[in-house]
S.K.: 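Pasting a structure below so you can have a look.
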Amino acid sequence: MADDTKFLWLLLLRSSLLCSGSDLDIQCLKTVKQSLIDPSGILNSWQFDNGTSGYVCSFSGVGCWNPDENRVLGLHLGNLGLEGPFPGGLQHCSFLTALDLSGNRFSGPLPENISQQIPNLSSLDLSNNSFSGGIPNMTYLNVLALQRNQFAGQIPAQLGNLSRLVSFSVADNSLSGRIPDTLQRYPAANFTGNPGLCGAPLDRKCKKRFRLRIRIWPIRIRLRLHRINDASRIGAAVGFVAGFVLAFYFPHWFVFSERLRAHVFRI
Ligand SMILES: *[C@@H]1O[C@H](CO)[C@@H](O)[C@H](O)[C@H]1NC(C)=O
Ligand SMILES: *[C@@H]1O[C@H](CO)[C@@H](O)[C@H](O)[C@H]1NC(C)=O
Ligand SMILES: *[C@@H]1O[C@H](CO)[C@@H](O)[C@H](O)[C@H]1NC(C)=O
Ligand SMILES: *[C@@H]1O[C@H](CO)[C@@H](O)[C@H](O)[C@H]1NC(C)=O
Ligand SMILES: *[C@@H]1O[C@H](CO)[C@@H](O)[C@H](O)[C@H]1NC(C)=O
Ligand SMILES: *[C@@H]1O[C@H](CO)[C@@H](O)[C@H](O)[C@H]1NC(C)=O
Ligand SMILES: *[C@@H]1O[C@H](CO)[C@@H](O)[C@H](O)[C@H]1NC(C)=O
């Protein structure tokens, strides 16, 4: 074969590889590898210089839909001593259904649009890491394991609307607020270890909110107290309002100088 023809064949082969949809999956894995810290070098086996169809399927932790196709079905990277933020590039793994990062030292927040980035994800296991920040809205999950992290804030009520969610845990985080009604079907053990969480299925009752609304025309005062038995706060509020009313209607009780009183009355 003439050198020219060889070159043409190479070019054709190359462009056909570049155009296949699974190139995005390779891009995904490259970006994931780059974005995480791997002190024990577990992912050194991820070498991207083999052009064979399906070569990424032999990478440790990578599961493919079909062993002959570079199309990633699942990433199973549990207990590998990995560090860093939530990995980037996952939006290129368009067919990813399972992501397991459990038992590592990942930290920082999850992307707020994680559901748009990995829309076909059905199983997400981030347990036993140091992820923090709020829990974002997610869709279509069967399994959501967030236990043993540092997630904070409230549990989004929308999570309970995941009708296919068969396994759910947020135990041992820093979550707070009332557990959404729709999530009460999960066992209490899967909510424990969050000092600020309250409501069923936990025994800890949510404190009733007590509102004090006072109107003194033209001023409206609205106080929202979190604990009905917080006598000192109520006392302070009532005292403040009473003082205000008295000062408004009987300013001379408060003003002892004659000159000042005249001034006050003129207004
Ligand atoms: C490419 O990967 C395939 C599948 O893992 C393997 O059988 C083959 O030996 C690799 N080829 C090279 C050149 O590394
Ligand atoms: C989700 O997966 C289906 C096949 O199961 C595929 O047709 C679809 O393109 C995927 N969605 C995205 C956004 O890639
Ligand atoms: C959590 O991960 C650490 C490593 O980061 C491991 O030593 C520990 O056994 C794990 N705990 C559980 C309960 O999986
Ligand atoms: C998600 O948000 C990031 C930054 O906030 C943005 O760069 C990215 O394009 C978004 N991805 C999707 C799929 O919406
Ligand atoms: C989550 O979804 C709910 C209902 O769709 C919406 O009200 C809320 O703003 C969303 N939160 C975030 C952080 O996107
Ligand atoms: C949950 O779904 C119901 C019915 O589909 C809807 O009315 C409600 O607004 C949803 N709640 C949230 C928080 O998305
Ligand atoms: C409760 O959490 C455990 C993990 O700690 C999980 O295996 C189990 O499936 C969860 N149960 C339910 C009903 O979601």
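Order of listing sets the numbers, starting from 1, for every ligand and every atom in it. Only this structure's heavy atoms are used, side chains among them; waters, hydrogens and symmetry mates stay out. Since the structure is predicted, the reported quantities are computational estimates derived from the model, not experimental observations.
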S.K.: Which N/O atoms of ligand 7 sit under 3.5 Å from a protein N/O, and at what distances?
M.R.:
residue	atom	partner	partner atom	Å
ligand 7	2 (O)	N190	OD1	3.0
ligand 7	2 (O)	N190	ND2	2.5
ligand 7	9 (O)	S167	OG	2.7
ligand 7	11 (N)	N190	ND2	3.0
ligand 7	14 (O)	F168	N	2.9

S.K.: Could you list the residues that satisfy ring pair (Phe, Tyr, Trp, His ring centres under 6.0 Å) with Y186, not counting sequence neighbours?
M.R.: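 Y186 satisfies ring pair (Phe, Tyr, Trp, His ring centres under 6.0 Å) with F168 once adjacent residues are dropped.
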S.K.: With heavy-atom distances below 4.0 Å as the criterion, list the atoms of ligand 4 near N113.
M.R.: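 Per the distance check, 1 (C), 2 (O), 3 (C), 8 (C), 10 (C), 11 (N), 12 (C), 14 (O).
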S.K.: With a 4.5 Å limit on heavy-atom distance, are the side chains of L36 and L43 in contact?
M.R.: yes
S.K.: Please enumerate all residues that pass side chain to side chain contact (heavy atoms under 4.5 Å, CB included) together with Q34, with sequence neighbours excluded.
M.R.: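 Q34 satisfies side chain to side chain contact (heavy atoms under 4.5 Å, CB included) with no other residue.
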S.K.: Are side-chain heavy atoms of L126 and F86 found at a separation under 4.5 Å?
M.R.: yes
S.K.: Cluster question for you: counting only ILVMFWY and a side-chain heavy-atom cut-off of under 4.5 Å, with indirect links fine, are V143 and Y140 together?
M.R.: no
S.K.: What residues, two or more places apart in sequence or in another chain, satisfy ring pair (Phe, Tyr, Trp, His ring centres under 6.0 Å) together with F48?
M.R.: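 F48: ring pair (Phe, Tyr, Trp, His ring centres under 6.0 Å) contacts with F59.
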